[in-house]
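We use all heavy atoms of the structure for the numbers below, so side chains are in, but hydrogens, waters and symmetry mates are not. By convention in this document, chain letters (A, B, ...) are assigned in the order of the sequence lines, proteins followed by strands, and residues within each chain are numbered from 1. This is a predicted model, so every value here is computed, not measured.
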Amino acid sequence: MSQVYINDFGAHVGKEVELKGWLYSRRSKGKLHFLMLRDGTGIVQSVVAKGEVSDELFEQAGRIGQESSVIVRGVVRADARAAGGVELGMLDLQVLQDVKDYPIAHQEHGPDFLLGNRHLWLRSKKQAAIMRIRSRIVRAIRDFFDDRGFTLMDAPIFTPSACEGTSTLFEVNYFDEAKAYLTQSGQLYGEAAAMALGKVYVFGPVFRAEKSKTRRHLTEFWMVEPEVAYATLEDVMDLAEGLICAAVSAVLQHHRQDLADLERDVTKLERIKAPFPRITYEEAAVLLEKLGTGFVRGNDLGAPDETALGEHFGMPVMVHRWPHEVKAFYMKRDAADPRLALGVDVIGPEGAGELVGGSQREDNLDELLGRIHAHGLPEEAFAWYLDLRRYGSVPHAGFGLGLERTVAWICGREHVRECIPFPRTLNRIYP
RNA sequence: UCCUCGGUAGCUCAGCGGUAGAGUAGGCGGCUGUUAACCGCUUGGUCGUAGGUUCGAAUCCUACCCGGGGAGCCA
């Protein structure tokens, strides 16, 4: 007899199966034990009745501790009294390891405790659901780009200098003489790749040594960064819109149970459909002044501003054409108004914050050189990047989407640190 | 870096000058359909650390350490 996974139990009603997993929890009632078993694909109730199995097995089923590893043989049966509609009538129990004093109980725990026990916390129902959804979103992202003829062009993690010249970087020794930095963005390399392959995307971890400790920040997180030759700002706004819709729809299609376990209000996800509202920074400013968030015109959007915009539209909203002062040096200016940069932020609803930041890139060599100097950046570090404007420069654009923020939004989680297997934050590098 | 809140049993917390508490987890016993099961009993503590005030400090004061949330910056 072969192993059957819990998420396939529905197709095995009436059959004898073998479940290989762990004891999630137990409720006992005299001559009846209800063992909640998990195997990584779900949780199912297994029922053991005294008299139907050996006394020894019954006693053992009532004694083993939470997270004991077990192989259970039994008959799958439909029963409305069981959560999920099916349960396993236990016939035999093999205990690989009987566990005592598993640290994480089925009760509220504080974040410090849970994060310190992240290696175990991942076993809990909601955390497992988030990880499955994260995996699905990654797959949806890759499918989205692969299906559109993009080439995956991963950027280096070690870089000789800052990509954007703004964030604080993690410094590492690169053998004896050189210093290297952990990348904060693959974008500049993505631009080189786009000049070679046309449509590309970079997908990997990035690192920020900012001393940020908020529910939206990690020091190590994943970002997908498409870059498209001959594309305009409007082109990549379409692309970002399509990407977000694809991710949401893939999760809705494949993860109803996980969303239910997370108590996610799916009606809010079901109405995420293109087109997303597109407003200029100026229009956003007028709206924010009306909403009274304390927004100061000319500044970047603060977290309360982003939340207010998200709530106002109930949909990801694309804010484009920003004052160039608040945006990065590589963004192209708007020909219609040179005070504006051709950048776009996609702000998620429900307090998700900035999911995407993108722009049309400056493709003129002299403009870009001037911008690098104006920002006080070392020209020599950008020599290769400037070459892209010397040899066949073309209009091009791209964006970066923060994976954990997207996962947090779709899963309805408050903290991005629940949305990556092992989060790295300002105060935490363990486990 | 700044602002703010907190650190008491394995965990979640109450206690806020006068004998260290509850729930939960763990242990023992009971219960044939439980859904965070329930009922009875029970083990479990350098009250973050170091000073200080006081007859007496978990409680008040000071410093430090650790963590949460937020600002700035960003995805």
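- Evaluation of atom-type donor-acceptor distances gives a pair under 3.5 Å for the side chain of A:H217 against the base of B:C74.
- Using a 4.0 Å cut-off between charged side-chain N and carboxylate O, A:E263 and A:K126 make a salt bridge.
- Residue-level contact check: A:L403 touches neither bases nor backbone, having no heavy atom under 4.0 Å from any strand.
- Between the P atoms of B:G7 and B:U12, the separation comes to 12 Å (whole Å).
- Nearest to the side chain of A:R77, among B:G70, B:C74, B:G33, sits B:G33.
- For A:R405 and B:C74, a side-chain-to-base donor-acceptor distance below 3.5 Å is present, hydrogens and geometry of angles not being considered.
- Here the nucleotide nearest the side chain of A:R81, chosen from B:A25, B:U35, B:A75, is B:U35.
- Nucleotides B:U49 and B:C65, compared at atom C1', are 7 Å apart to the nearest Å.
- For A:D112, whose side chain is taken as the heavy atoms from C-beta onward, the closest listed nucleotide among B:G67, B:U34, B:G70 is B:G67.
- The residue A:S28 sits close to a base: some heavy atom pair falls under 4.0 Å.
- Residue A:V356 is in sugar-phosphate contact alone, with no base atom involved, counting any heavy-atom pair closer than 4.0 Å across all strands shown.
- B:U12 is paired with B:A22 under the criterion used here, namely a Watson-Crick or G-U wobble arrangement in which both key atom distances are under 3.5 Å.
- B:A63: Watson-Crick or G-U partner is B:U49, with both key distances under 3.5 Å.
- Note on A:H415: every side-chain N or O is 4.0 Å or more away from OP1 and OP2 of B:G68.
- For A:R215 and B:G70, the shortest distance from a side-chain N or O to OP1 or OP2 is below 4.0 Å.
- For A:E306, whose side chain is taken as the heavy atoms from C-beta onward, the closest listed nucleotide among B:A37, B:A71, B:C74 is B:C74.
- Positionally, the nearest nucleotide of RNA chain B for A:L426 lies more toward the 5' end than for the other of A:L401 and A:L426.
- Contact check for A:F399 versus A:V344: no side-chain heavy atoms found under the 4.5 Å cut-off.
- A donor and an acceptor atom sit less than 3.5 Å apart, one in the side chain of A:E87 and one in the base of B:G33.
- Judged by ring centres under 5.5 Å apart and planes tilted less than 30 degrees, A:F34 fails to stack against the six-membered base ring of B:G33.
- A:K211 has no side-chain polar atom (N or O) that falls below the 4.0 Å cut-off from OP1 or OP2 of B:A71.
- Below the 3.5 angstrom threshold, one finds a donor paired with an acceptor across the side chain of A:S212 and the base of B:C73.
- If you check the side chains of A:E191 and A:Y330, you find no donor sitting under 3.5 Å from an acceptor.
- Phosphate contact (OP1/OP2 of B:G33, side-chain N/O of A:K29, threshold under 4.0 Å): present.
- Contact annotation: side chain of A:Q107 to base of B:C11, donor-acceptor pair present below 3.5 Å.
- One finds a side-chain N or O of A:R417 lying less than 4.0 angstrom from the OP1 or OP2 phosphate oxygen of B:G69.
- Look at the P atom in both B:A22 and B:G15: the space between them is 15 Å, to the nearest Å.
- Judged by the 6.0 Å distance and 45° axis criteria, A:R148 is positioned over the aromatic ring of A:F144.
- Ionic pairing of A:D79 and A:R77 is not present here: no N-O contact between side-chain nitrogen and carboxylate oxygen is shorter than 4.0 angstrom.
- By the 4.5 Å heavy-atom criterion applied to side chains, A:L401 and A:F203 are not counted as neighbours.
- For A:P304, whose side chain is taken as the heavy atoms from C-beta onward, the closest listed nucleotide among B:A71, B:G67, B:C74 is B:A71.
- Nucleotide B:C28 forms a pair with B:G40, judged by Watson-Crick or G-U wobble geometry with both contacts under 3.5 Å.
- The side chain of A:R27 lies closest to B:U34, out of B:U34, B:G70, B:C74.
- If you check every strand for non-hydrogen atoms under 4.0 Å, A:K213 touches a base.
- Aromatic pair A:H119/A:F422: ring centres not closer than 6.0 Å.
- Candidate nucleotides B:G33, B:U12, B:G72 were compared by shortest atom distance to the side chain of A:H109, and B:U12 ranks first.
- Nucleotides B:G68 and B:U8 are separated by 15 Å at their P atoms, to the nearest Å.
- Contact annotation: A:N427 reaches the phosphate of B:G68 (side-chain N/O to OP1 or OP2, under 4.0 Å).
- Nearest nucleotide to the A:D101 side chain, out of B:G26, B:G72, B:G67: B:G26.
- Across all strands shown, B:C2 forms a Watson-Crick or G-U wobble pair with B:G70, both key distances being under 3.5 Å.
- Under the 4.0 Å criterion applied to side-chain N and carboxylate O atoms, A:D112 and A:R428 are assigned as salt-bridge partners.
- Taking atom P on both B:C61 and B:G17, the two are 11 Å apart, rounded to the nearest angstrom.
- A gap of 14 Å separates the P atoms of B:A9 and B:G21, to the nearest Å.
- Only the C1' atoms considered, B:U59 is 11 Å distant from B:G18, to the nearest whole Å.
- Remark: the A:Q127 side chain and the A:E418 side chain contain an N/O donor-acceptor pair separated by less than 3.5 Å.
- The 5' end of RNA chain B is approached more closely, in terms of each residue's nearest nucleotide, by A:D79 than by the other of A:K327 and A:D79.
- You'll find that the side chain of A:F113 is closest to B:C11, out of B:C11, B:G33, B:G70.
- Listed candidates were B:U35, B:C73, B:G70. Nearest to the side chain of A:E210 is B:C73.
- Residue contacts shown for A:Q66 are absent, as no nucleic acid heavy atom lies under 4.0 Å away.
- As rounded to the nearest Å, B:U35 and B:A57 have C1' atoms that lie 46 Å from one another.
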